[in-house]
Amino acid sequence: MTAERVRFAPSPTGYLHIGGVRTALYNWLWARQTKGTFILRIEDTDTERSTAESTQVILDAMKWLDLDWDEGPGVGGPNGPYFQTERVEIYKEFADRMIERGTAYRCYATKEELDAERERQTKAGNPFFRYPGTWRDKGPKDWPTDGRPYVVRLKSPKSGSTGWVDLVKGRIDVPNEQQQDVVLIRSNGIPLYNFGAAIDDITMGVTLVARGDDHVVNTPVQILIYEALGKTPPKLAHLPMINGPDGKKLSKRNAAVSVAEYRDMGFLPDAVLNYLARLGWSHGDQEIFTRGEMIQHFDWSHVGRTAAQYDLKKFQFVQSSHLRAVDEAKLAELARPYLKAGATIDSEARLHAAIGTVKTRATTLLDVGEMVDFYFRDTLSFDEKAVAKFLVPAAASLLGDFRAHLAAQPAFDRASLEAATTAWLTERGLQIKDVAQAARVSLTGKSQSPGLYEVLEVLGRERALARLEAGAHKASQAAST
RNA sequence: GGCCCCAUCGUCUAGCGGUUAGGACAUCGGCCUCUCACGCCGGUAACCGGGGUUCGAGUCCCCGUGGGGUCGCCA
């Protein structure tokens, strides 16, 4: 397997979209599997919309996901700079070379002239503008000498076709008469997408380009640029789109699209990657993958050709599966930022134990923070419905008695507590369900919680007994009202 | 409209000429059970339509239909 040079080339015009993450992931997986190079390149040629803040947001997201890049912002590399706006001299050089070779030309048509032409064509019944080719066959002798600005256009062939074998879609061919003489370099010297991408991929030695389906139409143009420069195009792979849960285009209207949102919700980076990996790619029947497994098994031949629909339920399933696989100590570390304000973590060991009791019940780290909260409160907050239902007068004496029995126990671990409780129940001719809910509400404030004995154990003798006593009191109070 | 792409359960998908069309999420039953989860067992549920090719098509070809992408000095 030859080491591939791949890249992820986002535009810093907003947040990092989960569709973009999947593109980044597939590239990254391939680089890692082939022991190749993952390049991060910032395509900031849209100076109107690009911002330094967005660049930072994207970098932060990539770091959070731990999709580390071998060349790019921060780490540098031999093919820099990695911001396109810092590479304008390179583009100019290649553009001039193309003009000399006759595969590109200067176009002095102004924006105004073009707009007028666009309007004329629209009125003539053609809403799809085509550049009339005014400057296509002109040369240096025709160039104005007054220093007027010009754009550089690709002189694309009028006949034949341009195609490639796409790694996911197979053979694709597009008739050249479809091509426009697209603008390569703006009048201000900054390149347009197709040119910047092609030149960078050439100069950075990219061997495989994997990007979204929406770039299929750009590919012939880029291949034409490669050919105009006498270069061999890289391998190409176009990934199907990800649609929203409603089947429409994925947007913030129908889903959380920014990776930062998943981080804030307490999703695990590996879970996000796992879900996205499986959205459009498969490896037999396997659904849950570790990072290493993804690197090991990823392949282009099993990337699907059909657009996928985003499904939060499945995403949550993948997330909870990953959450359960993390050990308590690590989970404590990860969940710390998600613990609720006011929670007093008196002991790391207790936090680990507490997390152990909620692990299978939580989906996100945010859930962990909420579910574990009752263990670390001096004053418990109660769910009123649960109180009204279970802390009733009839439960008062039972709770008091139960508390007294537990207080007399020398050991306070879950096994001993269960044994002691069973003995007590037998003695009183009761069943566990007769006291469980009242005890649960007393201890946790809620009607749903981890198992009683583990809750008692993790709470610890002192706090557990105090809560049972308070619960019994609360229940008896209910009697007097 | 031109060009390009796509089409298996509600969803993600397996399938690469011969399968009782498999798995997962969701959903519906049941088991477990101190609640909620986890786990386990089981059910409902799919090859867009029409022509071909073939002894035999979900798998190959064509047409239709339906989705999607794109036609900027955006990326």
Side-chain angles (χ1 to χ4, degrees), chain A residues 9-11 13 43-46 48-50 107 109-111 114-115 118 125-131 149-153 163 166 168-170 172-175 177-180 182-188 190-194 196-197 211-220 238 240-241 243 245 247-249 275 278-288 301-302 304-318 320 324 357-363 371 386 390 418 421 425 431-441 444 446-453 455:
Chain A
S11 298
T13 55
E43 305 209 327
D44 56 352
T45 54
D46 184 345
E48 299 281 306
R49 296 195 301 147
S50 297
C107 169
T110 65
K111 185 110 181 162
L114 257 23
D115 285 345
R118 193 185 310 273
N126 176 19
F128 307 101
F129 175 72
R130 284 189 75 85
Y131 172 69
Y150 61 88
V151 300
V152 177
R153 285 183 186 270
D166 198 274
V168 343
K169 294 177 174 301
I172 297 178
D173 271 287
V174 182
E177 57 258 40
Q178 279 299 313
Q179 297 313 331
Q180 296 252 33
V182 295
V183 174
L184 265 19
I185 295 191
R186 295 176 172 89
S187 50
N188 65 6
I190 296 176
L192 247 38
Y193 168 73
N194 277 307
R211 79 239 293 194
D213 225 352
D214 48 338
H215 287 292
V216 167
V217 289
N218 291 315
T219 304
H238 289 92
M241 306 272 80
N243 293 139
K248 295 182 174 147
K249 192 178 159 95
Y275 175 67
R278 274 293 282 101
L279 202 59
W281 170 75
S282 62
H283 179 64
D285 287 341
Q286 190 170 350
E287 299 287 349
I288 303 302
S301 63
H302 287 89
R305 301 113 306 193
T306 71
Q309 204 162 302
Y310 172 91
D311 178 18
L312 182 60
K313 283 289 203 309
K314 178 80 173 262
F315 198 164
Q316 288 171 328
F317 162 76
V318 173
S320 56
R324 268 177 261 144
T357 69
V358 304
K359 234 167 95 170
T360 60
R361 287 163 240 265
T363 297
M371 294 176 132
F390 298 112
E418 178 162 12
T421 302
L425 289 171
Q431 289 189 306
I432 184 63
K433 58 181 59 169
D434 297 329
V435 272
Q437 286 306 77
R440 186 184 317 282
V441 175
T444 71
K446 298 173 290 190
S447 59
Q448 301 174 356
S449 82
L452 261 192
Y453 309 116
V455 165

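Numbers restart at 1 for each chain; the letters A, B, ... are given by sequence-line order, proteins then strands.
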Can you check whether [X] has a side-chain N or O nearer than 4.0 Å to OP1 or OP2 of [N]?
X         : N       : value
Arg211(A) : rG69(B) : no
Thr306(A) : rA7(B)  : no
His302(A) : rC16(B) : no
Thr45(A)  : rA75(B) : yes

Give none if [N] has no partner; otherwise give the nucleotide forming a Watson-Crick or G-U wobble pair with it, both distances under 3.5 Å.
N       : value
rC3(B)  : rG69(B)
rC47(B) : none
rU54(B) : none
rG42(B) : rC28(B)

Considering every strand and a 4.0 Å limit on heavy-atom distances, what is the contact class for [X]: base, sugar-phosphate, or nothing?
X         : value
Ala109(A) : base
Pro240(A) : nothing
Lys313(A) : sugar-phosphate
Phe317(A) : sugar-phosphate
Leu452(A) : base

From Asn218(A), Thr219(A), Asp213(A), residue fulfilling side-chain hydrogen bond (donor to acceptor under 3.5 Å, both in side chains) relative to His215(A):
Asn218(A)
Whole angstrom is fine here: how far is it from [atom1] in [X] over to [atom2] in [N]?
X         : N       : atom1 : atom2 : result
Arg278(A) : rU11(B) : CZ    : C1'   : 11 Å
Leu184(A) : rC74(B) : CG    : P     : 13 Å
Ile172(A) : rC3(B)  : CD1   : P     : 16 Å
Tyr310(A) : rA26(B) : OH    : P     : 14 Å
Phe315(A) : rC25(B) : CZ    : C1'   : 13 Å
Ile288(A) : rG23(B) : CD1   : P     : 17 Å
Asn218(A) : rU70(B) : CG    : P     : 9 Å
Leu312(A) : rG10(B) : CG    : C1'   : 15 Å

Any donor-acceptor N/O pair, Arg440(A) side chain to Val455(A) backbone, under 3.5 Å:
no
Taking for each residue the nucleotide of RNA chain B with the nearest heavy atom, is it Ser11(A) or Asp285(A) whose nucleotide lies nearer the 5' end?
Asp285(A)
Select from Gln448(A) and Ala9(A) the residue whose nearest nucleotide in RNA chain B is closer to the 5' end of that strand.
Gln448(A)
Run the side chain to side chain donor-acceptor pair (under 3.5 Å) test against Arg324(A) and tell me which residues pass, sequence neighbours left out.
Ser320(A)
Distance-only donor-acceptor test, [X] side-chain atoms vs [N] base atoms, 3.5 Å:
X         : N       : answer
Arg361(A) : rC36(B) : yes
Asp214(A) : rA75(B) : no
Arg440(A) : rC34(B) : yes
Ser187(A) : rC73(B) : yes
Gln286(A) : rG23(B) : no

Compare the minimum distances between each of [options] and the side chain of [X], then state the nucleotide with the smallest one.
X         : options                   : result
Ile432(A) : rC34(B), rC73(B), rU35(B) : rC34(B)
Arg186(A) : rU13(B), rG2(B), rA75(B)  : rA75(B)
Glu287(A) : rU11(B), rA75(B), rA24(B) : rA24(B)
Arg305(A) : rA7(B), rA75(B), rC3(B)   : rA7(B)
Lys169(A) : rC5(B), rC73(B), rU11(B)  : rC5(B)
Leu192(A) : rG2(B), rU11(B), rA75(B)  : rA75(B)
Val216(A) : rC38(B), rC74(B), rC4(B)  : rC4(B)
Arg118(A) : rA26(B), rC73(B), rC34(B) : rC73(B)
Gln437(A) : rA75(B), rC34(B), rC73(B) : rC34(B)
Val174(A) : rA75(B), rG39(B), rC3(B)  : rC3(B)

Please report the distance separating the [atom1] of [N] from the corresponding atom of [M], rounded so that it comes out in whole Å.
N       : M       : atom1 : answer
rU19(B) : rC28(B) : C1'   : 27 Å
rG23(B) : rA37(B) : P     : 25 Å
rG49(B) : rU65(B) : C1'   : 7 Å
rG29(B) : rC47(B) : C1'   : 27 Å
rA7(B)  : rG15(B) : P     : 13 Å
rC9(B)  : rG43(B) : C1'   : 14 Å
rC60(B) : rU44(B) : C1'   : 33 Å
rC16(B) : rA21(B) : P     : 14 Å

Where do [X] and [Y] come nearest, in terms of heavy atoms and distance?
X         : Y         : value
Glu287(A) : Lys314(A) : OE1-NZ, 3.4 Å
Lys446(A) : Ala386(A) : C-CB, 4.3 Å
Pro240(A) : Gly304(A) : CG-O, 3.0 Å

Listed partners of His302(A) passing ring pair (Phe, Tyr, Trp, His ring centres under 6.0 Å), at least two apart:
none
Quick test of the criterion, 5.5 Å between centres and less than 30° between planes. Is Phe129(A) stacked on rG72(B) or not?
no
Phe315(A) and Tyr275(A) aromatic ring geometry - parallel, tilted or perpendicular at 30°/60° bounds
parallel
Rounded to the nearest 0.5 Å, what separates atom CG in Asp46(A) from atom OH in Tyr193(A)?
13.5 Å
